[in-house]
Every structure is written in structure tokens, then in C-alpha cells.
Amino acid sequence: MNSKVRVRFAPSPTGPLHIGGLRTALYNYLFAKKHEGTFILRVEDTDNSRYVEGAEDYIKEALDWCGLTPDESPFHDGEFGPYRQSERKAIYKDYAQQLIDNGHAYYAFDTPEDLDKLRQEQEAFGDKFIYGAHNRNELNNSLKVSEKETLEYIESGKPYVIRFKMPMAKQLAIRDNIRGNIQIKTNDLDDKILFKSDGMPTYHLANIVDDHLMEITHVIRGEEWLPSLALHVLLYDAFGWKAPKFAHLPLILKPFGKGKLSKRDGDKHGFPVFPLEWKDPATGAISSGYREEFYLPEATINMLALLGWNDGTEQELYSLEELVDKFSIERVHKAGAKFNPEKTKWFQHQYIQKVDDSVLAEEFKDWLRAEKQIETTLDFTLKIVSLLKERLTFMPDLWNESYFFFQAPTQFNPKSSKKAWKEDTAPIMTNFISFLEAETDFSKEQIQPKIKGWITDQGLGFGKVMMPLRLALVGDMKGPDVFEMVSLLGKTEAINRLKFALNTLN
RNA sequence: GGUCCGUUCGUCUAGUGGUUAGGACGUCAGGUUUUCAUCCUGAUAACAGGGGUUCGAUUCCCCUACGGACUACCA
């Protein structure tokens, strides 16, 4: 091959990028890097009315968070810019004109109202109105009126659009790198608008022109574009250009029920649908993001990569570098995949276990200050992290598993009390306190054998002491190794908690 | 409605013209943890249905059913 691989991710800035879009970006990135090619971000903002403030920055930030930074983008110029279609406006008109000149397109003067009326009439018969080969000669366009009239219309400022002249009765066989051959008859296709009356191209024209000009070699996009594939291939033909290779990705579906994943599913079932938190500028409504919900970008990416692709082995955990190495577009699954929030948490659990203890300890220390107004030392949070890390999925779980190190219990879980604090517990604990008061070294290494020895000497079962001790320290029958807790809490605090339990539970 | 795409455990998926149809998540049961969580072990559970082709189909073909996308001067 003479041409270097160039792929693009081409979102429209109409709102936050959701995880389906992010996965499309990911697969494009992986494909590009796998083939030592270029990953391009092109912003498709040809519809001004749908532009949403902040959406473009959101896309950039989301990609950066995931480590999918484009090689060329509106934020990082390359040789093929600009990378925002609104800034390429001047380019498209000439290409539309070129298609008119070579007979592949024509002017149409039908107003939106005219078309609405035709649609309604047609629907009254239970039919669908199609602007196409069978009726284009009867509609208000440059194929029907003379060339002179067409010119007059245009010069007089009459609004017009430019439509593609869909060839009749052509049988197309188009190759898709994921789906194989796709058969399409052009008879069913309509004369799509390529150029709008507001002077902007539609997606179809802008997309093909830009992909050509930017020398895109592979178009990897969502399945929702499959119905437009024929049009796009025909457009390349009409221009006399070589079409890129295509691959259409399966959709991400709702975890419960039917249909594709939507923002509402996240709200309803309490999982993020967006990589980053998003505040709707119009309504102020907030949608949660993976980043703000404490998912690691590595976990998010790994989960997304496996949703519709695998390398044929039983491996499930991949770094981004490994994904680049193993990825192949042919191994992308054809069918849509239901999103699985539980499995996503499992990925997160796997990844947080790989994070260095000191990193978590530092974060936790900051979190304690910000969220709980607790000042502590790095040394202490580091001890807590090493004690509790294996049970974490999200960073704040650290608090849920360790809050009793920062605050003494004020009440006791009734169910646990019933199990751990029996009739004969009080005298045992009274003796136990006296024993502890005589001890000085509360390091785990020293205190553990001492306590065990004391229990044995007293002729007691371990449960008689260990269970009430845990209850007194935590307020509940949970938490890490009880000797670790005694040691970390220290002599004074441990004894105070025992005394409080003694007073409260009798 | 039309066009196109799809269909393996509940979910994500592996796989082959002859397999005990494999893994992971989930669920359940044991074990570890004298607690809880983690962790470990085990169990559970699938080739949508009907026709072909074939000595033999989950695998190849057709039909049906079901699911999905699209059907805008939106992308």
C-alpha cells in the first residue's frame, strides 16, 4: 500500500459525547495506531441550529481523559485543516457545483412546506414520500424547468437546495470490513439533499468531501450510518474519487429492555452514560460521568474495547498499548451489545487494584480534607490503604471501609450486638480492659500474641473476646483484622471504645 | 410500511462440518477471613424455530420469527 492509514472520528457538537461515541473514537484510535497511521478529530458542525455550547470542548476533554488524543484536530492543527466543518464552508459549494456540472446533481426549489404537504398526502395513502428517480421530473427543480429559468430563479434569490441525482436501477455490492458484502438496489434510495438553502452542506456532502480532502483511508463509524453507505459510495463515484474502506460498528444497547443505550438509561439505573460529567447549558440538568464517578480511564477504555470486540483469547484485561497491538477491525462483532454496568464495575475493581498504594493514600488524604474536613497524615492513610485496598472498587469506598478509624462508634448495630454481646460479655470485657491498660506496646506484632495469650490463659473461647472487641471498635461486625485495628487505633482509643461499649450495651 | 443489518448461557463473548459447545460478569453453594468485604473452589445456564445440503449440522443455504438501525434543508 502506498498510502498511510488515516482515520477520523467525526462527532457533531450537539451535546456530550456518550460511551457509544467514545467507543467509536477508541476503535478509530486503535486502528490508526495499530497501522502506525494518523487519528484525526473532525468536528461536524454544519447544522448551526443544533450547536451546543461546550460540546466541542467536552469532546476534546473526554478524548484526552481516555488517552485518545488525536494527531490532528481543531486543537492540534495538521496539514489538512481546518478541522471544523463550519470553517470549511467555502470549500463545499464548489464541489456541489461540480456535481451539477457533471450531471450528478441538480437544483431544487421546493420549499419545506411543499415537501411537508407532499409527505402528508402520500402518508394518507399509507405510503412514504420519496424524492427520487420516479418523480423528480414532476417536482420543482432544474430538471423540470429550463436552464434559463433556473438561472433566473437563482439570481432572483429564490432559495434552493442541491440534490443528488440517484442513479436508477443500479445494484451495488459494497464491502464492509466488519459485515462483508452488503447488497443495495439504488431504486429504493432517494435524491438526498447535499447542499442546504442556508449555504451549508449536509452531512453527506461535507463528509465525503472532507474524507477525500483529508485523505481518509478507512471510515470506521456507527451502524446508524449503514443506510447512507450506498449514497456515500455513489458520491465518491460521481466525483471520480476512490472511496475509502468502510467498517460499521455495532450499536451499544440498553442493559435492560429494548433499543439503543440512551441518556435516560443512565438516569434510571444509576450508571454513567457519559465519560465526563455534563451540565446541560439549557436546562442545567447534570448527567453523571465515569470520571466523576471515580472510574479510572483505563478501566473505562478496557470495558468499552471489549464491548463488541475480543482478540479470540480469554484475556480480558488490556492496557491501551496492548489494545493497539491486538486490535483488528475484522474481529469486531456484528451484533449490537447490551451494556453491562456490573461488568463495568468489575473492570474498575481490577484496575484500582493496580494503582500504587501511595497514589491512593495521597488521594484519600485530600478527599478526607475536602469531603470530611478531616486532617490526617499520609502515613496513616497509607496504612489504611494497604489494609483495605483489596476490597475497593472506587476510591470513596476507602471511606466506607475505614470511617471507624476516624470516628468512634456512637451506636451499635442491634443485630450485630445481639450476636456479639452476650450476657457474660460485660465481666470479660472489664477484665480485658484491665489487661490492656497494663500493656504498653500496641504494635500488631506485639499485641496480637499478647491478646491471644490472655484469652487462652482465661480459658475463654476466642469468639467471646474477639467478637465484642470488634463490635466495640467498629460498632458493627465488619472491618479488617481486629489486631490491625487495635494497633492502628492505639491504646487510649481502643480502651475508650471498649469502655463506651461496656456502658452502652449493658 | 419500506430498505438495510443482525440472532451461541440472564449479559459480554470464544468456537468447530463430528467438541463433555470454552471463558468472563451475574446468580447460587462451599472454603478462607474466628466478623464483613475481598479472595479461592464448585455449581447454574446457550447454539431462536422450521426446512434443506450432508454420512453428520450450532457451523453452509433458504424461509419464518424476533431484535436493531435508517427512512429531515440532523448528524
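Each chain gets a letter, A, B and so on, in the order its sequence line appears, and its residues count up from 1. In this text the structure is predicted, and so the values were computed from the model without any measurement.
Straight-line distance between the P atoms of B/rA57 and B/rA48: roughly 16 Å, to the nearest whole Å. Between B/rU27 and B/rA65, the two C1' atoms lie 30 Å apart (nearest whole Å). Only the C1' atoms considered, B/rC47 is 28 Å distant from B/rU41, to the nearest whole Å. Nucleotides B/rG15 and B/rG56 place their P atoms 27 Å apart, quoted to the nearest Å. Distance noted for atom C1' between B/rC63 and B/rA21: 26 Å (whole Å). Using P as the reference atom, B/rA14 and B/rU7 are 10 Å apart when rounded to the nearest Å. A distance of about 15 Å separates the C1' atoms of B/rU44 and B/rG23, rounded to the whole Å. Rounded to a whole angstrom, the distance from the C1' atom of B/rC39 to that of B/rG49 is 43 Å.
Side-chain contact annotation: A/E322 with A/Q315, donor-acceptor N/O pair under 3.5 Å present. Under the 3.5 Å distance criterion, with hydrogens and angles disregarded, no donor-acceptor pair is assigned to the side chains of A/Y318 and A/D325. Residues A/Y107 and A/N141 have side chains that never bring a donor and an acceptor to within less than 3.5 angstrom of each other.
At a cut-off of 3.5 angstrom, the base of B/rC5 holds no donor-acceptor pair with the side chain of A/R179. With hydrogens and angles ignored, no donor-acceptor pair under 3.5 angstrom links the side chain of A/R391 to the base of B/rC39.
Note on ring orientation: taking the six-membered ring where Trp is involved, the planes of A/F406 and A/W399 are parallel (angle under 30°, cut-offs 30° and 60°). The aromatic rings of A/H204 and A/W225 sit perpendicular, their planes meeting at an angle over 60°, well past the 30° parallel limit. A/F274 and A/Y58 have perpendicular rings, their planes meeting at more than 60° on a 0 to 90° scale where under 30° would count as parallel. By the 30° and 60° cut-offs, the orientation of the rings of A/Y153 relative to A/F109 is perpendicular.
Nearest heavy atoms, A/I216 versus A/I40: CD1-CD1, 3.8 Å. In plain terms, the two heavy atoms of A/W278 and A/E53 that are nearest each other are CH2-O, 3.7 Å.
Picking from B/rG26, B/rC73, B/rU35 the nucleotide with the shortest atom distance to the side chain of A/E342 gives B/rG26. For A/R119, the listed nucleotide lying nearest its side chain is B/rC73; candidates were B/rC39, B/rC12, B/rC73. Closest to the side chain of A/L251, out of B/rC73, B/rG68, B/rA24, is B/rG68. For A/K128, counting side-chain heavy atoms from C-beta on, the closest listed nucleotide (B/rU71, B/rC4, B/rC74) is B/rU71. Ranking B/rC12, B/rA75, B/rU35 by closeness to the A/K338 side chain, first place goes to B/rC12. With distances taken from any side-chain atom of A/K478 to the nucleotides B/rC39, B/rC36, B/rG22, the minimum falls on B/rC36. Nearest to the side chain of A/E316, among B/rA24, B/rC39, B/rC70, sits B/rA24. Candidate nucleotides B/rC73, B/rA75, B/rA24 were compared by shortest atom distance to the side chain of A/Y203, and B/rA75 ranks first. Of the listed nucleotides (B/rC73, B/rC70, B/rA75), B/rC70 has the atom at the smallest distance from the side chain of A/P227. When distances are taken from the side chain of A/V161 to each of B/rC73, B/rA69, B/rC25, the shortest belongs to B/rC73.
Against RNA chain B, the stretch residues 326-337 of chain A makes heavy-atom approaches under 4.0 Å through A/R331, A/H333, A/K334, A/A335, A/A337.
Backbone-only engagement by A/G308 is indicated by non-hydrogen atom pairs under 4.0 Å involving sugar-phosphate atoms exclusively. No engagement by A/D397 is indicated, since no non-hydrogen atom pair under 4.0 Å with the nucleic acid exists. Nucleic acid contact class of A/E44 (heavy atoms, under 4.0 Å, all strands): sugar-phosphate only. Among the protein residues, A/G461 comes within range of no part of the nucleic acid, since none of its heavy atoms lies under 4.0 Å from any strand. Contact annotation for A/K389: no contact, since no heavy-atom pair falls under 4.0 Å across all strands. Backbone-only contact: A/I182 has heavy atoms under 4.0 Å from sugar-phosphate atoms and none from a base. A/H349 comes within 4.0 angstrom of sugar-phosphate atoms only, judged by non-hydrogen atoms across all strands, and of no base. Among the heavy atoms of the strands lying under 4.0 Å from A/T46 are primed sugar atoms or P, OP1, OP2 only; no base atom is included. Among the heavy atoms of the strands, none lies under 4.0 Å from A/K345. Among the atoms of the strands shown, base atoms are found under 4.0 Å from some heavy atom of A/P480. Using a 4.0 Å heavy-atom cutoff across all strands shown, A/D110 reaches at least one base atom of the nucleic acid. Base engagement by A/G479 is indicated by at least one non-hydrogen atom pair under 4.0 Å involving a base atom.
Within the 4.0 Å cut-off from OP1 or OP2 of B/rA14, at least one side-chain nitrogen or oxygen of A/N310 is found. Residue A/R50 places none of its side-chain N or O atoms closer than 4.0 Å to OP1 or OP2 of B/rC73. Not one side-chain nitrogen or oxygen of A/S416 sits closer than 4.0 Å to the OP1 or OP2 atom of B/rU35. Look at A/K196 and you'll find a side-chain N or O under 4.0 angstrom from OP1 or OP2 of B/rC74. Under 4.0 angstrom from either OP1 or OP2 of B/rG67 there lies at least one side-chain N or O belonging to A/K258. Within the 4.0 Å cut-off from OP1 or OP2 of B/rC4, not a single side-chain nitrogen or oxygen of A/H248 is found.
A/Q122 has its CD atom 13 Å from the C1' atom of B/rG2, to the nearest Å. If you take CG of A/D47 and P of B/rA72, they are 15 Å apart, rounded to a whole angstrom. Rounded to a whole Å, the CD atom of A/Q348 is 15 Å from the P atom of B/rU38.
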- Item | A/Y106 and A/D191: CA distance, side-chain angles, deciding distance, side chain to side chain donor-acceptor pair (under 3.5 Å) verdict | CA-CA 10 Å; A/Y106 58 91; A/D191 289 356; 2.5 Å; yes
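With a cut-off of 3.5 Å on both Watson-Crick or G-U wobble distances, the partner of B/rU35 is given as none. Nucleotide B/rA57 is matched to nothing when pairs are restricted to Watson-Crick or G-U wobble geometry with both distances under 3.5 angstrom. Checking B/rU3 for Watson-Crick or G-U wobble geometry (two distances, each under 3.5 Å) identifies B/rA69 as its partner. B/rC28 and B/rG42 make up a base pair, with Watson-Crick or G-U wobble contacts both under 3.5 Å.
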Identify all side-chain donor-acceptor contacts of residues 461-483 of chain A below 3.5 Å with residues at least two apart in sequence or on another chain.
residue: A/K464; atom: NZ; partner: A/D424; partner atom: OD2; Å: 3.1
residue: A/R470; atom: NH1; partner: A/K478; partner atom: O; Å: 2.8
residue: A/R470; atom: NH1; partner: A/G479; partner atom: O; Å: 3.2
residue: A/R470; atom: NH1; partner: A/P480; partner atom: O; Å: 3.1
residue: A/R470; atom: NH2; partner: A/P480; partner atom: O; Å: 3.0
residue: A/D476; atom: OD1; partner: A/N413; partner atom: ND2; Å: 3.3
residue: A/D476; atom: OD1; partner: A/S416; partner atom: OG; Å: 2.6
residue: A/D476; atom: OD2; partner: A/N413; partner atom: ND2; Å: 3.3
residue: A/K478; atom: NZ; partner: A/Y403; partner atom: OH; Å: 3.1
residue: A/D481; atom: OD2; partner: A/F483; partner atom: N; Å: 3.1
residue: A/D481; atom: OD2; partner: A/E484; partner atom: N; Å: 3.1

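Here A/Y290 and A/Y295 bring their ring centres to under 6.0 angstrom of each other.
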